[in-house]
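Whatever order the structure lists ligands and atoms in, that order sets their numbers, starting from 1.
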Amino acid sequence: MSNSLSASEKKVVEYYNRSTDEFFIKRWHEEHIHFGLFAPGETVRLDQPVKRVVGMAVERMLEAVIQPAMINSEDVVVDAGSGIGGTALKVAKRHGSRVIGLNICEYQNDIARSRATEAGLADVVQFVYADCSTSLPLSDESVDVIINIESACHYTDRYKFLSECKRILKPGGRLVAQDWMAARGTSKKLSQEIYSIYIQPLCNAWFMESLETKSGYTKMLCEVGFEIVEFVDFAASALPNAYIIEAQYKKLANLVKTHQLSDTQCLWMEQFRTLSAAWLAGYFQLQRYFVRKN
Ligand SMILES: C[S@@+](CC[C@H](N)C(=O)[O-])C[C@H]1O[C@@H](n2cnc3c(N)ncnc32)[C@H](O)[C@@H]1O
């Protein structure tokens, strides 16, 4: 791990080092570390293994996020915060584009690199160490599309990240992102009290310094100089994720009455508790934004 990382980023790396296999690959999804999108009326079976319940929905989220970028074979694509390589490999396989995954977690980069080799895509897909809060290791105006899925919520400097995106994109380049955001619930403003009751505990449990709001993102994107094409709040299609994690919280809360939980299980319990509470109370949302560099 690089010595130049902030304490907060070191914790993010340690978190993904220890949870990538044990939680995400084993219990969530083989290829993706993000939430799913559920079809209207889709039955979500809370009594079934999570992996089976979220499988298709997770794939659907990826499609919904990248669709507006209209990626083609000529595009140079960056996946910022590339996890275990699922997005980068899918884009390279489907569109034939060159893809560069950037990730602060070398443990995940190694998994992604060996998957690229196994898929015969190592020539077109690279996974490169980068702290996206600091700088993106690409030259000016060299990239057509940047994808950023459920990663910027961890960054200590999102303004810097967006400025770097603007720098490396070619004119006409597109940034498509989906991120965890704080929402206002039914009130006009997200009050400090609500933030400290619902959002700060969630940030503490999930290794994030803060959560952005849609208006915070809008302001930054405008200041950096992007043209905002659209924001989409996934709202109802994403809500079943909250019921799924609430059910996982309840299982662990029940178990703790009779068993000693491991440190990892205690962490999961706090993660599931804080996130489902904020989501179900209407103070958390997943939003996608699509912006262009003119
Ligand atoms: C929730 S996972 C999402 C992974 C991937 N985008 C996906 O959808 O499967 C968050 C990812 O962001 C990465 N990440 C967090 N902070 C980062 C930073 N400062 N720079 C680069 N990557 C970061 C993590 O290592 C992890 O791979």
Side-chain angles (χ1 to χ4, degrees), residues 1-2 4-21 23-25 27-37 51 54-55 57-66 69 77-91 99-113 115 125 127-138 145-165 168 175-181 202-203 205-212 234 238 241 245 268 271 275 286 288:
M1 200 188 307
S2 163
S4 62
L5 290 183
S6 69
S8 168
E9 269 127 8
K10 279 187 182 147
K11 283 188 190 156
V12 170
V13 175
E14 280 159 13
Y15 166 57
Y16 283 108
N17 280 347
R18 76 170 150 134
S19 55
T20 297
D21 288 310
F23 183 73
F24 292 110
I25 295 178
R27 295 178 160 84
W28 188 259
H29 198 281
E30 295 285 329
E31 293 160 31
H32 303 288
I33 305 177
H34 59 244
F35 282 115
L37 279 187
K51 221 168 170 175
V54 302
V58 165
E59 304 276 344
R60 217 178 276 136
M61 172 66 85
L62 173 62
E63 299 306 326
V65 176
I66 64 175
V77 179
V78 162
D79 181 22
S82 46
I84 43 181
T87 297
L89 293 171
K90 181 147 279 182
V91 167
V99 189
I100 303 129
L102 304 177
N103 195 344
I104 199 168
C105 177
E106 280 288 30
Y107 184 80
Q108 292 186 341
N109 280 335
D110 283 340
I111 294 173
R113 286 177 194 124
R115 289 180 174 190
V125 186
F127 292 96
V128 177
Y129 171 84
D131 173 7
C132 295
S133 270
T134 316
S135 62
L136 304 184
L138 288 134
V145 174
I146 300 174
I147 303 166
N148 179 231
I149 303 179
E150 294 185 32
S151 178
C153 44
H154 290 294
Y155 304 170
T156 47
D157 193 341
R158 289 186 274 264
Y159 189 92
K160 179 72 180 168
F161 167 65
L162 295 174
S163 309
E164 280 290 280
C165 288
I168 66 170
L175 162 63
V176 281
Q178 185 265 80
D179 205 14
W180 293 24
M181 295 190 204
L202 177 173
C203 291
W206 290 88
F207 306 97
M208 300 165 180
E209 282 196 347
S210 65
L211 276 195
E212 209 52 74
F234 285 127
N241 295 290
I245 55 172
W268 294 347
Q271 290 186 321
L275 183 54
L286 295 179
R288 180 198 79 193

#### Entry: Nearest-0.5 Å distance, CD1 of residue I100 to OG of residue S82
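Separation between the atoms: 10.5 Å.
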Within-cut-off N or O pair, [X] and ligand 1, under 3.5 Å:
{"X": "I33", "answer": "yes"}
{"X": "T87", "answer": "no"}
{"X": "E31", "answer": "no"}
{"X": "H34", "answer": "yes"}
{"X": "H154", "answer": "no"}
{"X": "C132", "answer": "yes"}

What protein heavy atom is closest to [atom], reported as residue, atom name and distance in Å?
{"atom": "atom 25 (O) of ligand 1", "value": "N103 OD1, 2.7 Å"}
{"atom": "atom 22 (N) of ligand 1", "value": "I104 N, 3.3 Å"}
{"atom": "atom 18 (C) of ligand 1", "value": "Y155 CE2, 3.5 Å"}
{"atom": "atom 4 (C) of ligand 1", "value": "G81 O, 3.5 Å"}

Quick check on contacts: which atoms of ligand 1 are under 4.0 angstrom from a heavy atom of [X]?
{"X": "V12", "result": "15 (C), 16 (N)"}
{"X": "G83", "result": "4 (C), 5 (C), 27 (O)"}
{"X": "H32", "result": "9 (O)"}
{"X": "E150", "result": "1 (C), 2 (S), 3 (C), 10 (C)"}
{"X": "C105", "result": "25 (O)"}
{"X": "A130", "result": "20 (N), 21 (C)"}

Judged by atom type as modelled, is there a donor-acceptor pair below 3.5 Å linking the side chain of [X] to the main-chain atoms of [Y]?
{"X": "N103", "Y": "F127", "value": "no"}
{"X": "R288", "Y": "A64", "value": "yes"}
{"X": "H34", "Y": "V58", "value": "yes"}
{"X": "N241", "Y": "G36", "value": "yes"}
{"X": "Q271", "Y": "A205", "value": "yes"}
{"X": "S133", "Y": "T156", "value": "yes"}
{"X": "E106", "Y": "Y129", "value": "no"}

### Query
Quick one: which of C153, S151, S8, A152 has a heavy atom closest to atom 11 (C) of ligand 1?
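The nearest heavy atom belongs to S151.
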### Query
Who gets closest to atom 27 (O) of ligand 1 by heavy atom: Q108, Q178, M208?
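Closest candidate by heavy-atom distance is Q108.
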### Message
Heavy-atom distances under 4.0 Å decide this one: backbone, side chain, both or neither, for D131 against ligand 1?
### Response
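Both parts.
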### Task
Between A80 and ligand 1, find which residue part has any heavy-atom pair under 4.0 Å and reply side chain, backbone, both or neither.
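Answer for A80: neither.
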### L202 side chain reached by L211 side chain, heavy atoms, under 4.5 Å
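Yes, side chains in contact.
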#### Entry: Min side-chain heavy-atom separation T87-V65 under 4.5 Å
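The answer is no; the side chains never approach within 4.5 Å.
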### Query
Do Y155 and D179 get their side chains close enough for a donor-acceptor pair, meaning under 3.5 Å?
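Side-chain D/A pair, Y155 to D179: absent.
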### Query
Can you say whether the rings of Y15 and H154 are parallel (under 30°), tilted (30 to 60°) or perpendicular (over 60°)?
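Judged by the thresholds at 30° and 60°, the geometry between Y15 and H154 is tilted.
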